[in-house]
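Note on naming: letters A, B, ... go to the chains in the order of the sequence lines (proteins, then strands), and numbering restarts at 1 for each one. Heavy-atom basis, side chains included; hydrogens, waters and symmetry copies ignored.
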Amino acid sequence: MSISNISRRNFLKTAGAATGGLVIGVALPMNALAAKGIMKDSGEELNAFIQIDDNGDTIIYCGRCEMGQGISTALPAAVADEMEADWARVTVKQGDGDEKYGPQATGGSASIRVMFQPMREAGATAKAMLIAAAAKVWKTSPDNCFAESHFVINKTNNQRLGYGELASIAANMPVPEKPTLKNKSDFKYIGKALPRHDQGEVVVGKRIYGVDTKLPGLKYAAIVHCPVLGGALKSLDKSDALKMKGVSDVIEIPRFNIPFGSIGGVAVVADNSWTAQQAVKKLKIAWDLGENVSYDTKEYKQQLVRNVEKPATLASERGDIKKAFGEAKHKMSATYTGGHLSHAPMEPNASVVWVQKDSCEVWASTQSPADIQKVLGQYLKREPKDIVVHVAMAGGAFGRKFKCDYVHEAAVISQETGAPIQLIWTREEDMRTGYYHSINAQHIEASMDDQGNVTGWLHRAAFPSIGTLFDPSMIRTPARSLGDVTDHLFGVENMRVESGDAKAHTRIGWYRAVYAIFYGFAFGTFADELAYKAGKDHLSFVNQLFDNNKNKEQQAQIKRAKNILAIAADKSGWDKRQNLPKGQGIGLAVHYSFQSFVAMAVHVEVKGDDIKVLNVDCVIDCGQVLNLDGATAQMEGAVVMGMSLALSTEVTFRGGAVVNSNFHDYPVMRISDMPNVRVHIPDSDESPTGLGEPGVAPFAPALSNAVFAASGKRYRDLPFKPLSV
Amino acid sequence: MKQSIIINGTEHAIDVDGNMPLLWFLRDHLEFTGTKFGCGSGLCGACTVHVDGQAIRSCVIPVSTLVGKKITTIEGLSENGDHPLQKAWLNNNVPQCGYCQAGQIMNAASLLAVNASPSEEEIDTAMQGNICRCGTYQRIKKAIVEAADTLSKEV
Ligand code: FES
Ligand code: FES
């Protein structure tokens, strides 16, 4: 990583920066990121900026995309802390899509993992230069000065100079080679509960989302897609739609034959979104539905179950499970399933695109601005850098807005009509044209000795993989995607992992927590079933499973997992669970994903078929926490999302098409379902890891275990209580 | 004289197709974008505004049925963003993505106008129609209780 003084360079002018003052750019070595598989190697680029103008007003640019996870507060606050800035003087600006910000594709709970250290060093650099500037003014040594809350102070005589007064002088100071970072005990913002920088705008309705962009001459579009993946337009009669007052165009959208590309459809352009939506209903369209027309998730799930309940393709093997099963005292097997999920962020897919002769500008809620630049560059035969992408606040995303098919469509319409186009998908289109979480089945067989040690573990998983986006001919999940099974922290000497056949018939995409959802569910629930079989309680049984792991490389992780599970148990009153009223129970689960650890204790009350979640104790170990309040909020949200997918949400396909259409038949959790969530964050000095996703995984298994404890009924299929649609 | 509607205290002519839902009249015609589109079918509450002080789902109300009515949107809930609910929302750091929050706040304001100190069940019942996909419900409840508290002290 390197940090440079770019105060005299002019490219920040494009970001609307005032002249004068101090501007610090941070370059992450891209090859290091490339090594981590985060982006392609492209040498060194400046990735982030701090700008202090002559009034002391400070702007910190956040290159990562904000969708409610709080990254645009957490990372800038780390900068502000190291530079001793007064947070009240800091404005956070969202960086446009630009490779100078480094990897902007925001997913995999990676932002903090990748950016924390460089952001801190950038802040410390700015501070060192401001101190050097003050020392120069006072003709003293920098060691004789310190910085505090936007001022540099002279230790000898208590003289003070503000950052504004110093900024332009600091711009002429050398960049320190290795800036000194603060000690943890001196942190002012890092690790504290900091409010989100943009809350004030949210509560008065002034925060601008992708859906809110307005431009002079803006036209509004609505779209309908082919209901079946791989289908195509057969015939289109647009006459009735075009007759409607306010409708100006009907545009056929071609299929983009790329992994995250539009599947094609028909769009109507009008004076306002409502007219466009009405006109779409007037289109007379015949689709050629193609080969996926027989896709039926009910049958498909049964097929997946059959595929995992018989021998499948070997993915990995260690030890000798045949021998282990032969010598077993107890044997146990179970099959777990889960359905497709739709991200369903409250803001549907939306963007504004304006293609002109020599420019193309995009305003979009997106998790991946660089992908928009690349795809539209190809489509319009222009350089990616000539596609200007303004990254708007996303009204939720959860992985959906990583795939920007909706932006491609707006670009086509703008290109065809010459007008700036706002395309907003209806909720129905959003529900039916998604990148769904994989439908899945897992079958586990295990053997135990008379001490309750698990001696053998056969794990078969079948689910259409995200890899099918890139290679549609893939008929089963490759071994590498089963690594989380092979490398699970449970200590089982003899293990065999197999991949069952599962061809994709719809688009599969990352959904908050991704495969950890079903891996966490199968491991966490099966452990509980084994514990019961062995006559042990969950906590001591799982601890024993961890203790049986002799892999040296995993010992540190096991320690952390055990620690948070113990805390979750303790906080929930696990020890006194025998005293709970009849019909109540506590379930535990711990899961490691995206390099973070989350444990949950779920306390339920079960009456007949009715499951009421009363309390959730959630414990996280994500290393050092950047924003205590943000971390807490992420866990509260993860519980709600975990609860939706555990209890009720499922996308059903029949005749190749999605049956669900809106929130009445995709019932996400509502306020009356909300349990009392208590988030516990033990102090840690480990390097920080992400939190956007890891909280989702342990909820469903902990719930299954709680319901079993309360009622003796075992749920093995997600969601537990599907709506029949 | 054209038919008109009063939005946040200002009169606006209804010079669109009268079947247009209030939501789109606000968002696309007047460019008040604080009121959000979430489902278009009265299922999520993102589009909640007040008609004569009462919460309604603007995505399903044709603008022509609101002639002469007083509409309040999130932009007009308070002069300086200092409605007790807005303050309580900030105090509890309620928003995550924030997209649903205008609807949540407007719905809660309508609740508090008729029930100054709602019980937890009453809050659940009143707020049941407002989805938050980010899962901020716990904080929403807390903020409503807090705002109710502030309001009761004001009287
Ligand atoms: S947009 Fe009106 S209730 Fe959902
Ligand atoms: S805060 Fe994101 S939907 Fe409520």
* Could you look at A/Leu218 and say if it's the side chain, the backbone, both or neither that has a heavy atom under 4.5 Å from chain B? => neither

* Winner by heavy-atom pair count (cut-off under 4.5 Å) against chain B, out of A/Gly637, A/Ser672, A/Gly395 -> A/Ser672

* Trace of the salt bridge (charged side-chain N to carboxylate O under 4.0 Å, His left out) decision for B/Asp124 with A/Arg670 -> CA-CA 9 Å; B/Asp124 278 356; A/Arg670 290 176 183 261; over 6 Å; no

* Structure fact -> Nearest heavy-atom approach of A/Ala633 to B/Gln96 is O-NE2, 2.9 Å

* Asked: Crowded around A/Lys282 NZ? As in, over 12 foreign heavy atoms under 6.0 Å?
  -> no

* Portion of A/Glu428 that has a non-hydrogen atom of chain B nearer than 4.5 angstrom -> side chain

* To do: Sort A/Phe663 into side chain, backbone, both or neither according to what part of it lies under 4.5 angstrom from a heavy atom of chain B.
  => both

* B/Ile131, B/Ile140, B/Leu90, B/Leu85: which one forms the most heavy-atom pairs within less than 4.5 Å of chain A? -> B/Ile131

* In this structure, are over 12 heavy atoms from other groups packed under 6.0 Å from B/Glu31 atom CD? -> yes

* Structure fact -> When the 4.5 angstrom heavy-atom criterion is applied to A/Ala394 and chain B, the contacting part is backbone

* To do: Starting from the C-alpha separation in whole Å, work towards a yes-or-no answer on salt bridge (charged side-chain N to carboxylate O under 4.0 Å, His left out) for B/Asp28 and A/Lys219.
  => CA-CA 10 Å; B/Asp28 290 356; A/Lys219 289 280 197 177; over 6 Å; no

* Structure fact -> Max heavy-atom pairs within cutoff under 4.5 Å with chain B, candidates A/Met67, A/Gln278, A/Met431, A/His343, goes to A/His343

* B/Tyr137 (side chain) donor-acceptor with A/Met669 (main chain) under 3.5 angstrom -> yes

* Asked: Distance from B/Glu120 atom CD to A/Ile671 atom CD1, nearest 0.5 Å?
  -> 9.0 Å

* **Structural part of B/Val94 lying under 4.5 Å from a heavy atom of chain A** => backbone

* Asked: When rounded to the nearest 0.5 angstrom, what is the spacing between CG in A/Asn662 and SG in B/Cys39?
  -> 5.0 Å

* Asked: In terms of heavy-atom proximity below 4.5 Å to chain A, should B/Gln101 be classed as side chain, backbone, both, or neither?
  -> side chain

* To do: Go through B/Gln138 and A/Val640 one step at a time and tell me if the side chain to side chain contact (heavy atoms under 4.5 Å, CB included) criterion holds.
  => CA-CA 10 Å; B/Gln138 179 157 302; A/Val640 174; over 6 Å; no

* **Closest-packed option against chain A by number of heavy-atom pairs under 4.5 Å, given B/Lys141, B/His29, B/Gln104** => B/Lys141

* Are the side chains of A/Arg196 and B/Asn93 in touch, meaning some heavy atoms are under 4.5 Å apart? -> no

* B/Asn80 portion near chain A, given a 4.5 angstrom heavy-atom threshold -> neither

* **Which of B/Gly34, B/Gly98, B/Cys100 touches chain A most, by non-hydrogen pairs under 4.5 Å** => B/Gly98

* Asked: Does the side chain of B/Cys132 come within less than 4.5 Å of A/Met346's, by heavy atoms?
  -> no

* Answer with side chain, backbone, both or neither: which region of A/Asp430 has an atom nearer than 4.5 Å to a non-hydrogen atom of chain B? => neither

* Can you check whether A/Ile208 reaches B/Thr33 side chain to side chain, under 4.5 Å on heavy atoms? -> yes

* Is there side-chain contact between B/Asp17 and A/Trp274, with at least one heavy-atom pair below 4.5 Å? -> yes

* **Side-chain heavy atoms of B/His83 within contact of A/Val204, under 4.5 Å** => no

* Measure the spacing between CG of A/Asp212 and OH of B/Tyr99 and express it to the nearest 0.5 Å. => 6.5 Å

* Would you mind checking which part of A/Gln277 comes under 4.5 Å of any heavy atom in chain B, side chain (CB onward), backbone (N, CA, C, O), both or neither? => side chain

* **Toward chain B, the part of A/Pro345 with a non-hydrogen atom under 4.5 Å** => backbone

* Using a strict cut-off of less than 4.0 Å between a Lys/Arg side-chain nitrogen and an Asp/Glu carboxylate oxygen, indicate whether A/Glu347 and B/Lys36 qualify as a salt bridge. => no

* So which part of A/Thr632 gets closer than 4.5 Å to some heavy atom of chain B, the side chain, the backbone, both or neither? -> both

* Separation of B/Cys134 SG from A/Met641 CE (nearest 0.5 Å) -> 7.5 Å

* Tell me, side chain or backbone of A/Val203 under 4.5 Å from chain B's heavy atoms, or both, or neither? -> both

* Report, as yes or no, whether the 6.0 Å neighbourhood of atom CD on B/Gln128 holds more than 12 heavy atoms from other residues, nucleotides or ligands. => yes

* Region of A/Met674 in contact with chain B, defined by heavy-atom distances below 4.5 Å -> both

* Heavy-atom pairs under 4.5 Å with chain B, option from A/Thr275, A/Asn272, A/Thr426 with the top count -> A/Asn272

* Check: B/Arg27 side chain, A/Val211 main-chain N or O, donor-acceptor pair, under 3.5 Å -> yes

* Asked: Do B/Arg133 and A/Phe398 come within less than 4.5 Å of each other through their side chains, counting heavy atoms only?
  -> yes

